[in-house]
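Here is how names work: the chains are called A, B, and so on, in the same order as the sequence lines, proteins then strands, and each is numbered from 1.
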There are 2 protein chains.
Amino acid sequence: MQNILILLQEHKIQPTPQRIATTQAVLDAGSHPSADEVWERVKTDHPTVSRATVYNTLNLLVEKGVLKTQIIKEGKVVFDPCVEPHHHFIDEESDEIHDIPWDALKVKGEDSLKDFEVREYQVVLRGRRKKK
Amino acid sequence: MQNILILLQEHKIQPTPQRIATTQAVLDAGSHPSADEVWERVKTDHPTVSRATVYNTLNLLVEKGVLKTQIIKEGKVVFDPCVEPHHHFIDEESDEIHDIPWDALKVKGEDSLKDFEVREYQVVLRGRRKKK
DNA sequence: TTTAACTTTAGACATAGTATAAATTGACAT
DNA sequence: ATGTCAATTTATACTATGTCTAAAGTTAAA
Ligand SMILES: [Mn+2]
Ligand SMILES: [Mn+2]
Ligand SMILES: [Zn+2]
Ligand SMILES: [Zn+2]
């Protein structure tokens, strides 16, 4: 995808080959890959890219607002290409994370929390995907 | 506290000295300690208790329903003495986790998620505690 | 008392993530 | 083009969380 280059430029990120490959990989990975999952993907096409660079790049993409981290799975941070507010459903069988659109759920009362200044919130749901 | 022994017995857990100390520690720790934080506490009174035993005991307490794990902080699981449904607020300055009573927030629409069978859910809020 | 089941322990191991320092690359002024 | 400096990448070491293993210790009951 040529748009990767534009995306990086728009976010003031020097587009090196390693960064392009990493960004490509994290966006192609479907949803919510971990850093090492992204690294695995990068390595298939660019076997010489180091683990540190993938970690550095993902952290940079978060810093620049291209990705958001989610702390939902035990033991690993996952990266979310959707930086807009939304909710998450975790399928406890497959361990997959599914995005729930912001408007699918309505939370009432978050401004009644007088002691807290809420910067962001989300609903985290767990269960299993219905067999259809 | 003498009730610890009764608590363990009620949950069919053999009350060894190590388990009593660990349970005491996790309950006294205020809210949402990590396993190693519990271990540190245990060691002050019982310096010979091993790390593995504290981890084993905490996992056993979860299995038996005395504690619940929460995956909210990056890099570590925390243990929650409150096993009833409730929400969480994370103070991004102090990194402290605060319990929000279930009834303080109302979530609408969770049964409209036709593809998912929701076993549990919670609202996770982030921000900072208001200086009062 | 013997036996078997349960528990604890120290240490090894696995994995996620960060830190460091040297090597490479790239921008850019001469 | 060349030299220079900053940015980037790389291999590697390191830290931290958590699990696993095998041996030793304990408990309870035959
Ligand atoms: Mn953007
Ligand atoms: Mn209980
Ligand atoms: Zn998401
Ligand atoms: Zn809690």
Side-chain angles (χ1 to χ4, degrees), chain A residues 4-5 8-9 11-26 29 32-43 45-64 66-80 95 97, chain B residues 4-5 8-9 11-26 29 32-43 45-64 66-80 95 97:
Chain A
I4 296 282
L5 204 140
L8 294 181
Q9 287 167 345
H11 288 82
K12 307 275 197 294
I13 298 171
Q14 277 247 7
T16 67
Q18 293 89 342
R19 284 172 176 173
I20 290 167
T22 300
T23 309
Q24 186 76 254
V26 71
H32 313 100
S34 69
D36 280 328
E37 280 165 24
V38 173
W39 187 39
E40 289 305 321
R41 278 183 166 268
V42 169
K43 277 194 295 186
D45 279 333
H46 306 81
T48 66
V49 176
S50 76
R51 189 162 169 263
T53 293
V54 171
Y55 272 78
N56 287 342
T57 299
L58 291 171
N59 288 337
L60 181 64
L61 290 169
V62 170
E63 192 187 317
K64 298 294 191 180
V66 180
L67 302 175
K68 188 174 178 351
T69 56
Q70 298 287 352
I71 303 168
I72 290 178
K73 280 190 182 173
E74 182 169 334
K76 52 181 59 172
V77 170
V78 300
F79 295 88
D80 199 332
D95 215 41
I97 300 172
Chain B
I4 297 282
L5 203 138
L8 294 181
Q9 286 167 345
H11 288 82
K12 307 275 198 293
I13 299 171
Q14 277 248 5
T16 67
Q18 293 89 341
R19 285 171 176 174
I20 290 168
T22 301
T23 308
Q24 187 74 257
V26 71
H32 312 99
S34 69
D36 280 329
E37 279 165 25
V38 173
W39 186 39
E40 289 304 321
R41 276 182 167 268
V42 169
K43 278 192 295 185
D45 278 333
H46 305 82
T48 66
V49 176
S50 76
R51 190 161 168 263
T53 293
V54 171
Y55 273 78
N56 287 342
T57 299
L58 291 171
N59 288 339
L60 182 63
L61 291 169
V62 170
E63 191 188 316
K64 298 295 190 180
V66 180
L67 302 175
K68 187 174 179 348
T69 55
Q70 298 287 352
I71 303 168
I72 290 178
K73 282 190 182 175
E74 181 169 334
K76 52 180 61 171
V77 171
V78 300
F79 295 89
D80 199 333
D95 215 41
I97 300 172

How long is the line joining CD1 of B:Ile71 and P of D:dG18, in whole Å?
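Rounded to the whole Å, the gap is 10 Å.
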Can you check the B:Leu58 CG to D:dT17 P distance for me, whole Å?
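Atom-to-atom, B:Leu58 to D:dT17, this comes out as 14 Å.
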Do A:Asp36 and A:Arg51 come close enough that some side-chain heavy atom pair is under 4.5 Å?
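Yes - at least one pair of side-chain heavy atoms lies under 4.5 Å apart.
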Within a strict 4.5 Å, meaning less than it, do heavy atoms of the A:Lys43 and A:Glu40 side chains meet?
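Side chain of A:Lys43 against side chain of A:Glu40, heavy atoms only: contact under 4.5 Å found.
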Axis-to-axis angle between the two ends of the helix from C:dT1-D:dA30 to C:dT30-D:dA1 (five base pairs per end, rounded to 10 degrees)
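Its terminal axes enclose an angle near 10°.
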Looking at residues at least two apart in the chain, or sitting in another chain, which of them share a salt bridge (charged side-chain N to carboxylate O under 4.0 Å, His left out) with [X]?
X: B:Glu74; value: none
X: B:Lys68; value: B:Glu120
X: B:Asp95; value: B:Lys73

Intermediate values then yes/no, side-chain contact (heavy atoms from CB on, under 4.5 Å), A:Leu8 and A:Leu61:
CA-CA 9 Å; A:Leu8 294 181; A:Leu61 290 169; 3.9 Å; yes
Evaluate the criterion side-chain contact (heavy atoms from CB on, under 4.5 Å) for residue pair B:Leu60 and B:Glu63; output intermediate values, then yes/no.
CA-CA 5 Å; B:Leu60 182 63; B:Glu63 191 188 316; 4.3 Å; yes
Given B:His46 and B:Gln18, is the side-chain contact (heavy atoms from CB on, under 4.5 Å) satisfied, shown in steps?
CA-CA 8 Å; B:His46 305 82; B:Gln18 293 89 341; over 6 Å; no
Nearest atoms (heavy-atom pairs only) where A:Ala21 meets A:Val42
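Scanning both residues, the minimum pair turns out to be O-CG2, 3.8 Å.
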Positive for side chain to side chain contact (heavy atoms under 4.5 Å, CB included) with A:Gln70, one of A:Val78, A:Val77, A:Ile97
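The passing option is A:Val78.
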Extract from the structure each pairing of a protein N or O with an N or O of nucleotides 4-14 of chain D at less than 3.5 Å, listing the distance.
residue: D:dT8; atom: OP1; partner: A:Arg19; partner atom: NH1; Å: 2.8
residue: D:dT8; atom: O5'; partner: A:Arg19; partner atom: NH2; Å: 3.4
residue: D:dT9; atom: OP1; partner: A:Thr16; partner atom: OG1; Å: 2.4
residue: D:dT9; atom: OP1; partner: A:Gln18; partner atom: OE1; Å: 3.3
residue: D:dT9; atom: O3'; partner: A:Gln18; partner atom: NE2; Å: 3.1
residue: D:dT10; atom: OP1; partner: A:Thr48; partner atom: O; Å: 3.2
residue: D:dT10; atom: OP2; partner: A:Ser50; partner atom: N; Å: 3.0
residue: D:dT10; atom: OP2; partner: A:Ser50; partner atom: OG; Å: 3.4
residue: D:dT10; atom: OP2; partner: A:Thr53; partner atom: OG1; Å: 3.0

Using the heavy-atom set of chain B and a strict 4.0 Å cut-off, write down the first and last nucleotide of DNA chain C that makes it in, 5' to 3'.
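Here the contact window of chain B covers C:dT7 to C:dA10.
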